[in-house]
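Report on the structure given below.
Both counts, for ligands and for their atoms, begin at 1 and track the order of listing. Values below: every heavy atom of this structure, side chains too, minus hydrogens, waters and symmetry copies.
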Amino acid sequence: MPEAAALPASYRCALVTGATSGIGKAIVLALRDAGLQVIAVGRSREALQALGQEQGVVTVEADVRQADAFAQVLSQYPVDVLVNNAGVLSSRAAFQDMDPAEIDTMLDINLKAPLHLTRQVLPGMVQRGHGHLFFIGSSAGRAPHPGAAVYGSSKAGISLFCDALRCDLLGSGVRVTEIAPGRVQTQLYRTAMGMQAAGSELYDGYASIMPEDIAQLLLAALRLPEQVDVSRLEVFPTAQAVGGARMVKTLG
Ligand SMILES: NC(=O)C1=CN([C@@H]2O[C@H](COP(=O)(O)OP(=O)(O)OC[C@H]3O[C@@H](n4cnc5c(N)ncnc54)[C@H](OP(=O)(O)O)[C@@H]3O)[C@@H](O)[C@H]2O)C=CC1
Ligand SMILES: CC(=O)[C@H](N)C(=O)O
């Protein structure tokens, strides 16, 4: 196996939201292993404490909807790599049956919070002439998925935002990458359907994408020479074409 390329030398510090589980946690560990100082953001105190004590990363206990929660850490650390990962799928009900409160929850956490955090981090990146913004979008933001009208809209918003932001950042040296996965085996569906049901309905019977696979994709984009901007990475398990409906058993 050829040795993995080093990260661009100007990248020293990364901030990852939604760091307490799933894709975010895998990204934190991969970036830490690649030699970056990592700031891990999440709400679960216990998971953050474990990350801080056992994995040697800086932790910030915050809800991403509280934009002012980041001022202190951003004044201490110049963030070179921002990973907007925190997200929820708080309901997978058909839109006509959905609790209206879930509309705000998903749009606030999945769409508005990443925009506000990016707005805080970007001026420093532009001033320094380098930086890499990652957004964890979703296949549900690229094509309709059943029960995901609101979730998918939040991710479609992220996808378009990435393209528009790249226009605004032309010549700044700041890269923008959307990673839009199909189904990854995490706790994302725990609120909408419970983990047991998610296991048997969504994850059993075929080989899943794991959070570590997404972290490796992110690292691959980060390792490229700084003038190379991977705009979008769309990735599915081989058992999924688009949406949950096309999942087929390929194993067992
Ligand atoms: N799993 C999948 O199939 C796919 C997931 N994605 C996206 O990947 C991202 C990560 O999800 P995934 O790892 O799957 O799911 P998990 O539920 O395992 O992780 C979600 C993370 O987001 C954090 N989070 C949620 N709400 C907030 C909030 N208000 N403030 C701060 N942190 C928050 C959670 O931490 P805490 O509860 O401690 O706050 C948790 O660490 C999401 O954006 C999701 O939409 C995209 C495509 C596919
Ligand atoms: C919930 C998601 O974002 C995902 N792409 C899926 O197909 O389940």
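The part of Pro181 lying near ligand 2 is the backbone, judged by heavy-atom distances below 4.0 Å. Using a 4.0 Å cut-off between heavy atoms, Leu202 makes no contact with ligand 2 at all. The proximity of Lys155 to ligand 2, defined as any non-hydrogen pair under 4.0 Å, does not occur for either the backbone or the side chain.
Every pair passing salt bridge (charged side-chain N to carboxylate O under 4.0 Å, His left out) that includes a residue from residues 102-118 is listed here, sequence neighbours excluded: Asp108-Lys112.
Sorted by chain and number, the heavy-atom contacts of ligand 1 below 4.0 Å come from Gly18, Ala19, Thr20, Ser21, Gly22, Ile23, Arg43, Ser44, Ala62, Asp63, Val64, Arg65, Asn85, Ala86, Gly87, Val88, Ile109, Ile136, Gly137, Ser138, Tyr151, Lys155, Pro181, Gly182, Arg183, Val184, Thr186, Gln187, Leu188, Arg190.
Close approach to Leu188 involves these atoms of ligand 2, each under 4.0 Å from a residue heavy atom: 1 (C). Each of the following atoms of ligand 2 lies closer than 4.0 Å to a heavy atom of Gly182: 4 (C), 5 (N), 7 (O). With ligand atoms numbered from 1 in the order given, ligand 2 contributes 7 (O) to contacts under 4.0 Å with heavy atoms of Gln240. Atoms of ligand 2 found under 4.0 Å from any heavy atom of Tyr151 (numbered from 1 in listed order, with element): 1 (C), 2 (C), 3 (O). Atoms of ligand 2 found under 4.0 Å from any heavy atom of Ser139 (numbered from 1 in listed order, with element): 5 (N), 7 (O). Near Leu89, the atoms of ligand 2 lying under 4.0 angstrom from a non-hydrogen atom of the residue are 1 (C). Set against the non-hydrogen atoms of His145, the atoms of ligand 2 under 4.0 Å away are 7 (O). Atoms of ligand 2 found under 4.0 Å from any heavy atom of Ser138 (numbered from 1 in listed order, with element): 2 (C), 3 (O), 4 (C), 5 (N).
Although no hydrogens or angles enter the test, the distance criterion places a donor-acceptor pair under 3.5 Å between the side chain of Arg223 and the main chain of Ala5.
Other residues, nucleotides and ligands place more than 12 heavy atoms under 6.0 Å from the CZ atom of Arg128.
Ring planes of His130 and Tyr11: tilted class, angle from 30 to 60°.
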Assess the residue pair Tyr203 and Arg183 against the criterion (side-chain contact (heavy atoms from CB on, under 4.5 Å)); give the C-alpha distance rounded to whole Å, side-chain angles, the decisive distance to 0.1 Å, and a yes or no. CA-CA 9 Å; Tyr203 303 125; Arg183 189 156 302 148; 3.6 Å; yes

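Annotation for Val28 and Ala19: closest pair CG2-CB, 3.6 Å, computed over non-hydrogen atoms. For the residue pair Thr105 and Arg65, the shortest heavy atom distance occurs at CG2-NH1, 4.4 Å.
Side chain to side chain, Thr118 and Asn84 meet the donor-acceptor criterion of an N or O pair below 3.5 Å.
Looking at heavy atoms from C-beta onward, Gln187 lies in side-chain contact with Met195 at the 4.5 angstrom threshold.
Across Leu15, Val58, Val38, a single residue satisfies side-chain contact (heavy atoms from CB on, under 4.5 Å) together with Tyr77, and that is Val58.
Linking Ile, Leu, Val, Met, Phe, Trp and Tyr residues whenever their side-chain heavy atoms come within less than 4.5 Å places Met98 and Val88 in a single cluster.
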